[in-house]
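To keep things clear, I will list the structure first and then write my remarks on it.
Just so it is clear, the structure is predicted and the values come from calculations on it, not from any experiment.
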2 protein chains.
Amino acid sequence: MSKKNETNKASVTLIDVAKHAGVSPMTVSRVLNNLSIVKSATREKVLSSVERLNYSPNQAARSLAGGRSTRICLLYGNPSSAYLGELLMGALEAVSTYGYQLVVNRVPEDISPESLRKDLHRTWDGLIISPPMGDVKGIRRLLNEEGFPTVYLGCFSENKSACEMGIDDYQASIDVIDFLVGLGHSRIGFIQGHPSHRSSAQRLAGVEEGLRRAGLPAGGDLVVPGFFTYRSGMEAGLQLLKARNPPTAIFAANDDMAAGVLAAASEMGLKVPRDVSVVGFDDSPIATTVWPNLTTIRQPLSELAGRAVKTLGDMIGEGKRQADTSESKTYLEYSLIKRESAAAPKAD
Amino acid sequence: MSKKNETNKASVTLIDVAKHAGVSPMTVSRVLNNLSIVKSATREKVLSSVERLNYSPNQAARSLAGGRSTRICLLYGNPSSAYLGELLMGALEAVSTYGYQLVVNRVPEDISPESLRKDLHRTWDGLIISPPMGDVKGIRRLLNEEGFPTVYLGCFSENKSACEMGIDDYQASIDVIDFLVGLGHSRIGFIQGHPSHRSSAQRLAGVEEGLRRAGLPAGGDLVVPGFFTYRSGMEAGLQLLKARNPPTAIFAANDDMAAGVLAAASEMGLKVPRDVSVVGFDDSPIATTVWPNLTTIRQPLSELAGRAVKTLGDMIGEGKRQADTSESKTYLEYSLIKRESAAAPKAD
DNA sequence: CTGAAAGCGCTTACAG
DNA sequence: CTGAAAGCGCTTACAG
C-alpha cells in the first residue's frame with residue numbers, strides 16, 4: 001500500500017486552479033470538460049492557470065463524482081499475441097497517463113456488425129480496431145453510421161473522415177525494393193499478402209512502383225499470391241525458386257511468409273542469403289527467431305497504440321464524431337531493419 | 001462518456017452492507033480491509049452480508065478517500081512480446097477486477113539488484129517476475145531480504161517460502177516422453193534448454209525419468225545442449241540427425257528450438273513427421289506458424305498472470321511477507337497439444 | 001455565461 | 001472492539 005502523499009507531490013486540485021484563476025471551481029470543471037460554453041476570456045485564464053500550476057485532474061474523484069470514465073476498447077480478432085502484446089504495451093501506458101480505462105476484447109473475426117452495435121454505446125466510449133477487422137466493410141459502415149469514435153490501426157481506407165493511423169505500406173515497399181536493387185538484385189520476387197487486407201494491395205503497389213523506377217520488370221511470374229501464413233509463404237517460395245529463371249531475392253509481404261521462404265530454400269538445398277536473399281515485413285518475433293534473422297520493415301506498434309489512445313480521448317472529449325474530424329490520416333515512421341537474410345547476389 | 005448507472009446495476013454500497021449487517025459503515029470497512037481486529041461474530045455477520053448483497057467496493061471512492069491504491073509491477077527482461085502479451089491479457093483482467101494498478105516494466109536482463117532496490121518500496125506494492133529474471137540469485141536474495149511481496153512466474157526454487165507459480169515442468173516432460181513412447185518411438189532425442197533457467201533442469205529430469213520408466217536408454221548422445229534459440233535448436237537437430245543411429249523423435253525444451261529442428265530436418269531432406277517426429281514446449285506463436293505445426297506443451301500463461309495478481313493482492317492486503325506465507329508453490333494445469341509434427345515412426 | 005450547494009462511496013483520524 | 005464526524009477531489013443538478 002502507498003499513501004498518495006508518499007508518491008505525489010502535494011497534488012494541486014481543481015480548487016487551487018479556481019483560486020489561481022479567480023473563478024469558481026465549477027467554471028474550471030466546465031473548461032476542462034468542454035461542457036457548456038464558457039466565455040473565451042475566462043476559458044483562457046483557466047487554461048493558463050492549469051498550465052501554470054501543472055494541474056492534472058484526479059481520475060478517482062472524477063469517476064466517483066460523475067461516474068464519468070472514458071472507456072476505450074481495443075478490439076482484435078486475430079490472436080497474434082505478439083502483435084497484440086506490443087499494441088497493449090503502448091495502449092496501457094497511454095491509458096494510465098490520461099486516466100482512461102482500457103478494455104481489451106477479442107471477437108470472432110467474422111463477427112456480425114449487428115452484434116457489435118449492441119455493445120457499442122452501452123459499453124464503450126471509443127474503439128481502437130486492428131486489422132483485419134478494420135478492413136471489414138460492414139463493420140466500418142456500422143461505426144461510421146453510428147458516428148462512433150474509432151481509430152483504425154494499420155488499415156487505411158478511402159473514407160476521408162475515418163481516423164486511421166499506421167505506416168505508409170506503399171512507401172515502405174518501395175524502400176525494400178530500392179534496398180534490394182541497391183544490393184545488386186535485378187530479379188526480385190514478391191509474395192503478396194492476404195487479399196482481404198487493404199495493406200496487401202498497398203504493399204504490392206509499392207513493389208511495382210519501386211521496380212518500375214528501377215527499370216526492372218514487374219509482375220509476371222515474379223509476383224505470386226500468399227495469405228500471410230508461413231505455409232503459404234513456403235509454397236509460394238517453392239514456386240518462385242523452382243521457376244526456370246528464379247529470382248535472386250524474394251520480398252514477402254510479412255515475416256511469417258518470409259520465414260516460410262526460408263524453409264522452402266532450405267528444402268531445395270539453397271542457402272540464404274548466399275543463393276537467395278529474403279526480406280519480410282512487420283519485424284514480428286519470428287524475424288529474430290529464425291536463422292538467418294530476417295531483414296524486414298519495422299512498424300512502431302506500441303507508439304501507434306499510444307497515439308490511438310490519445311487521439312481517441314480527444315475525439316471523445318471534444319464530442320467529435322468521425323465526420324467532424326478533418327485531417328485524420330496519421331502516418332508513423334517505419335524503418336528498414338537490415339539483418340542476415342539479405343545480401344548482394346552471388347556473382348554468376 | 002457513460003454514466004455509471006447505465007452500466008452498473010444500482011450498485012450496492014458499503015452503507016447498504018452496514019445496514020444489512022446491523023453495524024456501522026466503519027466496521028464494514030474494517031472487516032474488508034483486515035485493519036484493526038473486529039470481533040469474529042461481527043466479522044462473520046458482515047462477511048455474510050457482503051456475500052448476500054454481492055457487494056464489491058468502489059475503487060474510485062476507495063482511492064479518493066484513502067489514497068490507497070495497490071500498484072503491482074510486472075517486471076520482464078526478455079522482450080518476447082508473445083509471452084508478454086499473454087501474460088498481460090491475464091494480468092489486465094485481474095487487475096481491473098480487483099481494482100489494482102498495473103505497471104509494466106522492462107529492465108535490462110543484467111540489472112543489478114541494487115538498482116532494483118531503489119524502485120522497490122518507493123514505487124510498487126508488489127512484484128510479478130517472469131523468467132529468466134526470476135532465476136537470478138541476486139535479485140531473489142534482494143527481494144527476500146526486503147520481504148517484498150513477490151510472485152515468481154515459471155521459476156521454482158528451493159526457497160520454500162517464496163511464492164511461485166507455474167506448471168510442473170518435470171511431469172509435463174514425462175508426459176511428452178510417454179506420448180512419444182506410446183506412438184512407438186524408442187530412440188528419442190532431447191535438446192536441453194538454456195542452462196541458466198531452472199526449468200531446463202526440470203525438463204531434463206522429466207525426460208530422464210520418462211525414459212527410465214519406459215525402459216529406454218537415456219542420456220548419452222541422445223541428449224544435446226541448447227539455449228532456447230532457434231539457431232541452437234537447428235544445430236542440435238543437425239547433430240542428432242547426423243548421428244550414425246539417429247533418433248526417430250526429437251523433443252526440444254522449447255518451441256523455438258523445435259522449429260529449428262524442423263529447419264535442420266528440411267536441410268537434410270527429411271520430412272517431418274514421416275522421417276522424424278518433433279515435439280516442442282510452450283505453445284508459443286511459432287508453434288502454429290511453422291509447418292508442420294508443432295505438437296507441444298501449453299502453459300496457461302494468462303491464467304497464470306491472473307492468479308499472480310490475485311495472490312499478490314492478498315499478500316499485500318494481509319501485510320504478509322514472503323517468509324510468512326506457507327504453501328506458496330502453485331502448479332497450474334498444462335496440456336499436451338497434439339498437432340502435425342509428431343506421429344508414429346515409419347516401419348523400417 | 002457563472003456560482004453555491006450537495007453528494008458520489010469510501011477512509012482517515014478521533015472518540016468512546 | 002465499535003461508532004459519529006469530516007473530507008478525499010470532483011461533478012451533478014439547481015439557481016441566477
Side-chain angles (χ1 to χ4, degrees), chain A residues 1-47 49-50 53-70 98-99 317, chain B residues 1-47 49-50 53-70 98-99 317:
Chain A
M1 308 287 182
S2 49
K3 306 268 174 84
K4 196 162 271 158
N5 42 14
E6 282 178 24
T7 44
N8 297 17
K9 38 217 156 180
S11 54
V12 356
T13 73
L14 185 147
I15 303 219
D16 299 328
V17 176
K19 280 183 192 148
H20 184 102
V23 297
S24 78
M26 201 46 249
T27 301
V28 177
S29 172
R30 271 192 276 258
V31 170
L32 261 23
N33 294 289
N34 304 263
L35 281 181
S36 37
I37 302 150
V38 177
K39 217 204 311 182
S40 81
T42 319
R43 179 192 195 78
E44 311 232 309
K45 258 194 310 186
V46 171
L47 254 17
S49 296
V50 164
L53 266 34
N54 193 232
Y55 166 77
S56 84
N58 177 319
Q59 288 302 137
R62 207 170 227 186
S63 73
L64 215 211
R68 178 169 283 177
S69 104
T70 303
Y98 300 109
Chain B
M1 308 288 184
S2 48
K3 306 267 173 83
K4 195 162 268 155
N5 42 16
E6 283 177 23
T7 43
N8 296 17
K9 38 217 158 184
S11 54
V12 357
T13 74
L14 185 147
I15 304 220
D16 299 327
V17 175
K19 279 183 192 148
H20 185 101
V23 299
S24 78
M26 200 46 246
T27 302
V28 177
S29 172
R30 270 192 277 256
V31 170
L32 262 23
N33 295 289
N34 306 263
L35 281 180
S36 37
I37 302 149
V38 177
K39 215 206 308 180
S40 81
T42 319
R43 177 192 196 78
E44 311 233 309
K45 257 196 307 186
V46 171
L47 254 18
S49 295
V50 164
L53 267 33
N54 193 229
Y55 166 77
S56 85
N58 177 320
Q59 289 303 139
R62 207 169 227 185
S63 72
L64 215 211
R68 178 169 284 178
S69 105
T70 303
Y98 300 110

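Secondary structure note: stems in DNA chain D built from 3 or more consecutive Watson-Crick or G-U wobble pairs under 3.5 Å occupy C:1-3 with D:14-16, C:5-12 with D:5-12, C:14-16 with D:1-3.
Across B/A18 and B/S24, no two heavy atoms sit closer than the pair CB-C, 3.8 Å. In terms of heavy-atom proximity, B/V17 sits nearest to B/L53 at CA-CD2, 3.8 Å. Minimum interatomic distance between A/S49 and A/H20 (heavy atoms only, all atoms of both residues): OG-CD2, 2.8 Å.
The side chain to side chain contact (heavy atoms under 4.5 Å, CB included) test applied to A/T42 returns A/V23, A/T27, A/V38, A/K39, not counting sequence neighbours. The side chain to side chain contact (heavy atoms under 4.5 Å, CB included) check on B/L14 picks up B/P25, B/V28, B/S29, B/Y55, with sequence neighbours excluded.
Across C/dT11, D/dT11, D/dC1, the shortest atom-to-atom separation from the side chain of A/S29 is found for D/dT11. When each of D/dG9, D/dT2, C/dG9 is scored by its nearest atom to the side-chain atoms of B/T13, the top-ranked nucleotide is C/dG9. Side-chain atoms of A/K39 lie closest to C/dC1 of the nucleotides C/dC10, C/dC1, D/dC1.
When the C1' atom of C/dC10 is taken as reference, atom CG of B/L14 falls 7 Å away, rounded to whole Å. Straight-line distance from the NZ atom of B/K45 to the P atom of D/dC1: 14 Å, rounded to whole Å.
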Give me the distances for all protein-to-nucleotides 3-5 of chain C N/O pairs that come in under 3.5 Å?
unit_1 : atom_1 : unit_2 : atom_2 : d
C/dG3  : OP2    : A/S24  : N      : 3.1
C/dG3  : OP2    : A/S24  : OG     : 3.0
C/dG3  : OP2    : A/T27  : OG1    : 2.5
C/dG3  : N7     : A/R30  : NH2    : 2.6
C/dG3  : O6     : A/R30  : NH1    : 3.3

